[in-house]
Every structure is written in structure tokens, then in C-alpha cells.
Number of protein chains: 2
Amino acid sequence: MESPIHCFQAALKRRKVDAFLVTQPENRRYLSGFTATDMNISESSGSLLILSGDPPFLLTDFRYQQQALADTKGFEICIYKKGLLDLLKTELPRLGIKRLAFEGHYLLFQTARKLQELADMLAIELIPITGLIEKQRTCKDPGELALIRRAVRLNEEVFIEVFKSLRPGMTERQVAIRIETLMRERGASGPSFETIVAAGPNGALPHAVPGDRPLVEGEPIVIDMGLVLDGYCSDMTRTVVLGRIAQKTRKLFRLVRKAQLAGIKAIRPGRTGLEVDMAARRIITEAGYGEAFGHGLGHGVGLAVHEAPSLSFRNRKQLKPGMVVTVEPGIYLPGWGGIRLENMVVVTPEGCELLNSDTTFLDI
Amino acid sequence: MESPIHCFQAALKRRKVDAFLVTQPENRRYLSGFTATDMNISESSGSLLILSGDPPFLLTDFRYQQQALADTKGFEICIYKKGLLDLLKTELPRLGIKRLAFEGHYLLFQTARKLQELADMLAIELIPITGLIEKQRTCKDPGELALIRRAVRLNEEVFIEVFKSLRPGMTERQVAIRIETLMRERGASGPSFETIVAAGPNGALPHAVPGDRPLVEGEPIVIDMGLVLDGYCSDMTRTVVLGRIAQKTRKLFRLVRKAQLAGIKAIRPGRTGLEVDMAARRIITEAGYGEAFGHGLGHGVGLAVHEAPSLSFRNRKQLKPGMVVTVEPGIYLPGWGGIRLENMVVVTPEGCELLNSDTTFLDI
């Protein structure tokens, strides 16, 4: 199998681009293996300069030099002292770059403006390109799938352990801290997003922040959790109840579960994200809860926890084998709470395969 | 005292700007009190549209509606369904905006381009402005200082507790997990950056990632930790040794401490960041370790853990009362390890006040 970097270099040749400046952190890791993370877009740990031929370059500062050398293979590491643009000023002419592409979706306006000034000075044509590496990243190779499976498995392990320890009176925050601590103790670099533990009415907020609300018997508790293991993400939601399950909860739970299974059944190569979303949404809409399911059905997962493709009305492109997506319908009723169920699947030539192995659903 | 938002509105009037689009997350919180955080620059939880008169607007999507209402006072909350730009298309003309400013340092190239197209269509003049709110944020008011003091105090509490539990054989990762768990258990929303625990030779990397290296008696261990409490950050570094302290460690430790005290002594209104950096750096350089201190002396801390002003050769502007900065000289020797000591101070009319209260330094 061709390596990501060679596949990408071939794409550059086809587009007659001399070099591509990679600033997006997951794209950087995907192409280079460089494991450093960025604190935010203004505090980058490095960029790649990929030419259509070898060697590719990793541009970083002295703080990351050792890590860059240890993580990458075949890359030439260039250290800048006065920032990326200052280094590019000498490197671009030296390498004979005439057409330079950059990631328009991951470069700040201000940086792009300075880069444009530099390009003008050096008579270089600057080309914004969006989503090219992201598109390559959507289809996972076997090595990536193995890492995603491990991340999913660890996530389930942590969930099961924490689930067993849930007791009325524990606060949402305590549960979330327990989950994130356990993730890290078991080898994850951290959660892939801020863990959601939303008890009772808080479950009506799809992005609830865990607070001081205690778990109460009989109330649905939405737990949405994911972790990063060796760079790859998992994402899973369970809705659980301590004690007796009320009739309404049971009914809504079954409805969401039915929608989830319909969504999973609809996934196969050739289907669009919109079609899969509709297959699950129809179940909820026909039961009269269409308005209460206010988000898309799912999203891709890989080096980023939210990546292409999405399963929503916004995505009219066809699914392909190797894509990994979540399937996470939900029903949110202000004042009452919410039910969300989320599993991950990988698209196969014939349909899809469930990546979650557990059966940690309410037994109802 | 004038509120941040009114002070900012006055600045807009002076610049004859009709409205300012605030996308930077800490600036958004500073002006509005909206506590939502962004997963990354591509997944925003909302933006502000500040006019020179009231009311200011908070633009967000349905997921954050409840939180927006709960967190803000005097703001009009506008919910977008198809994204920010789609909402602006109707709101900008409705509000009679002719000159719109945006944050050139926190808007993606691609978004800025679409915003420009929209502005052209609506005959609106678009003005990139950089660092205006950040500049206002550098001088903390008494309420902010109180929050920073709390964050510093909690950070010390956590450090002391973890420090007492350190034993040879514990891994860097275990210590880091313990620190971050305790932070959250004590009320922090999380660490303000990834905790650094760097044992022995790993201490030579200023940005070391905690790994499986065990703590060993006699080796210096660099612990750099900070937390976020009610939105405000702390940042502190200690270098500790388990067991007997070698002569070399003692010598370098004393040198770094001397440099830190010289830096703190140099801080007062009117001094530039460069001058303060030099005051500390001189000590280390004169002792022959200038090359081993490869970063600036410090940085501002507030809603962001790294913000203006910096104490480094890059900052030739004068310090002012109310600014909060770290003072963190270090010596890094590849193969051996590192020593870094970091405290936070607030600039006062006469000089500066140490925000750290503990004396958790090696007693040497």
C-alpha cells in the first residue's frame, strides 16, 4: 500500500503544485507521524512543506527538535528561530518553489496576508487549497483501522468500569473526572473532547457541561465520551438510568435505538450522508419527535474526533469503504432531558461493520 | 469602574467602526461573560457582534442557547441555523453596519474570504484589526485579579499535595494524571495547558510530554503546571529532587533562582519586556549558561495562559500596573536535564507583587 505522503505527493503533481504548506495539526501528523499537538492555532508546534518529490520537510522550533527527529522518517527537519515565514523566505527560493499551496481552512487571515506579501516578493504564486488531505484521510487504511479499534475498545472498557461505579448522589462532574482519569491511566493521551455527563433535564442540552447536579434514580443520564489513543479517536454515547426505568424513558430509548439501527442498516458504499441521516431521522420524525432531534446523525472519526464525512443533510457525497463514522441519533426534550445513543462503524464493501463490541445498553 | 464592554465600545467610536465581530474565544468571554469554550477554531461556540451602542449581540447556534442566556447580561442572543455568515447577511444591513471590523489574528483565511464576499455584496467596508481586545485585557481589574489569585492558590495547593506523594518509581505520566485529576476534583475546569512532568534528561526539553520514565532519586524533576478556575489561568513551574541533591543540580538551581529574583526585581511600570528579560538573562549568561536558556523569561496570564505582554526581546513596550506575568528562567542541558522555576507576579504602581504564596522551593 502506498504511504499517505506518497499518495499526497502524487496529488500535488497532478495539480502542478510545487509545494504544499501543511499547517492543520491532524494533517501534519497524518503525513509525517509527528506526534506534537498544538495548544491552539496561534501556538503551532510546526508545519510541513511537502514537495512533489522527496524529501518532505518538517519546519519547527527548537523546542520540538528532538520529538520531530524521533517521530518522523525520511523528513528533513528545519528549525526556525524567528518563525515560519522567516524560514520560508530563504527556503522557498532555495527549493525553486514557484507555485505554493496552503490550507485556506487552517491558516489565519493575518498569517495568510503575510504569506501573500512574501510570495509577492519572491514572485511565487500562492494557491489556497481546502480539504485535500482531509479527503485523503476519510478512508482509513488497515493500520489506522487497527488503531481506531483499540481506541474504541479502551473507551468501552473505561465506560463499563465507570458505569458499574455509578451511584445516586455522585455529581456529573465527579463522573466526568473519573472517566477522564481512567482513560489516561489506561494509556489514552486524553479525552478526544470534553466528556459529557448530563443528568436529568441537563440531558436536553446536546453539549451540556458536567456540573454539580447529582445523579438521581430514575432520571436518564447521557454519557458522551471519547479518547485519543496513539493519535486516533473514539467517540461513544450511552444513556443510562439508575434504578427503575420510567415508561416514557423506555419508550424514547427504544425509539432512539430503533433509529440508530436503521441508520446503521442504511450505511453502505454509494449511499450519501444525507440518505443515511434520513433513514434514521424518519423513524424519529414519524414518531412525532422530529423537532427534538436537532443535529446530524453522525460524523467521521479518525485523527480528529470530528472529521469528514458527515452523516447529515449537508453531505450529498457517497460513502466509501474504509470510512469510519458515528451513528448517534438523539431526542432532547427541554425540562425533561435527553436520550442519545452513539456507536462507531466502518464502511465495508458490502455495508458496514460495527466497531463497538459491547452491549452496554439498557436492557429494555 | 467602566465595564470591559463599554470601554471597548468607546474604542470603536474613536476608530469610527460601526461594529466589531469578535471570534477569539477569550475575547468573547472577556466582553460577554459567555463561558462556552471552543473545541478548535473550526468549531466555534459563537461570536460577538459589538456595535458602538447597546445592545451587544451574541451569535451562536441552538446547542448553546441556554448557556448564552444564563451567562450574559444585556446581550441579545441571536441563533443561527445555517452558520454565522448566513445570519450576518440579514443582520448587518438590518443594523445599518457600514464599517465592520474583524479579528485578523483569529479568523481563518477561508472564512475571511467569504466574509469579504458578503461585505462586497452588502457594500460594507471590512477592516481587519489585530490585538485590540487583547491589549485591553493585559491590565487586569480587581475582579480579574481576585480570580487569578484563586487560580494561583489552587495550583499551589494541588502541587503541594502531589509533591508530598512523589516517590521514586512513579512515572512522569502517573504524576501528571494525578495533578490534573486533583485540579479538577478541587474545582478547576481543567489544566490551562498540558501538564509537564519531565524527569532527569527529559527536563532538557522545555515542552516535554510526560511519558513512562520513572522518577529516580537524585535527578531533577521539572513540573510545569497550571489550571483554569472560573475562566482564569495559573501557571507555575517547580524543579524538585527526590533524595540527595547533587552539587551540579544545587549550583544550577541557585543560578536559576537568582535569575528569577533579578527578573522579579526588575519588574515595574515603565520597564519594557525586553529589559526585564535581560535583567534575568544576564545572570545566566554571565555564569556561562546563556545558550542553555533558549526561551523568553515570561508571558502574560489571564483568560489565556499565554497572552500579552511577553517578557522577551520581542517586547519593547512598557509594562503597566495590573499586568500579570510569569517569570520563568530555565537552564536546559541535553543529556543531563533541566531546571526551570516559574512564579507569577502582578505589576503594581511601585514595582510588582508576587502572586505565589508558597515557598515550595528546594531548600538550598
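Chain letters run A, B, ... following the sequence lines, proteins first, then strands; residues in each count from 1.
Evaluation of the side chain to side chain contact (heavy atoms under 4.5 Å, CB included) rule for A/F313 yields A/L274 as partners, not counting sequence neighbours.
Of the atoms belonging to B/L205, it is side-chain heavy atoms, and not backbone ones, that fall under 4.5 Å from chain A. With a 4.5 Å cut-off on non-hydrogen atoms, A/I41 touches chain B through its side chain but not through its backbone.
For B/P128 against A/F109, the heavy-atom pair with the smallest separation is CB-CE2, 3.5 Å.
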Chain B to chain A donor-acceptor contacts, backbone plus side chain, under 3.5 Å:
| unit_1 | atom_1 | unit_2 | atom_2 | d |
| --- | --- | --- | --- | --- |
| B/T37 | OG1 | A/E194 | OE2 | 3.3 |
| B/E43 | OE1 | A/H306 | ND1 | 2.7 |
| B/E43 | OE2 | A/H306 | ND1 | 3.4 |
| B/R63 | NH1 | A/H207 | NE2 | 3.1 |
| B/Y64 | OH | A/H207 | ND1 | 3.2 |
| B/G104 | O | A/Q110 | N | 2.9 |
| B/L107 | O | A/F109 | N | 2.7 |
| B/F109 | N | A/L107 | O | 2.7 |
| B/Q110 | N | A/G104 | O | 2.9 |
| B/Q110 | OE1 | A/T130 | OG1 | 2.8 |
| B/T130 | OG1 | A/Q110 | OE1 | 2.8 |
| B/R173 | NH2 | A/R184 | O | 2.3 |
| B/R173 | NH2 | A/A188 | O | 3.3 |
| B/E180 | OE1 | A/R184 | NH1 | 2.5 |
| B/T181 | OG1 | A/T181 | OG1 | 2.9 |
| B/R184 | O | A/R173 | NH2 | 2.3 |
| B/R184 | NH1 | A/E180 | OE1 | 2.5 |
| B/A188 | O | A/R173 | NH2 | 3.3 |
| B/E194 | OE2 | A/T37 | OG1 | 3.4 |
| B/H207 | ND1 | A/Y64 | OH | 3.2 |
| B/H207 | NE2 | A/R63 | NH1 | 3.1 |
| B/H306 | ND1 | A/E43 | OE1 | 2.7 |
| B/H306 | ND1 | A/E43 | OE2 | 3.4 |

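Remark: B/L108 CG to A/L108 CG distance equals 6.5 Å, nearest 0.5 Å.
With chain B as partner, the option from A/A208, A/G294, A/G190, A/P210 having the largest number of non-hydrogen pairs under 4.5 angstrom is A/G294.
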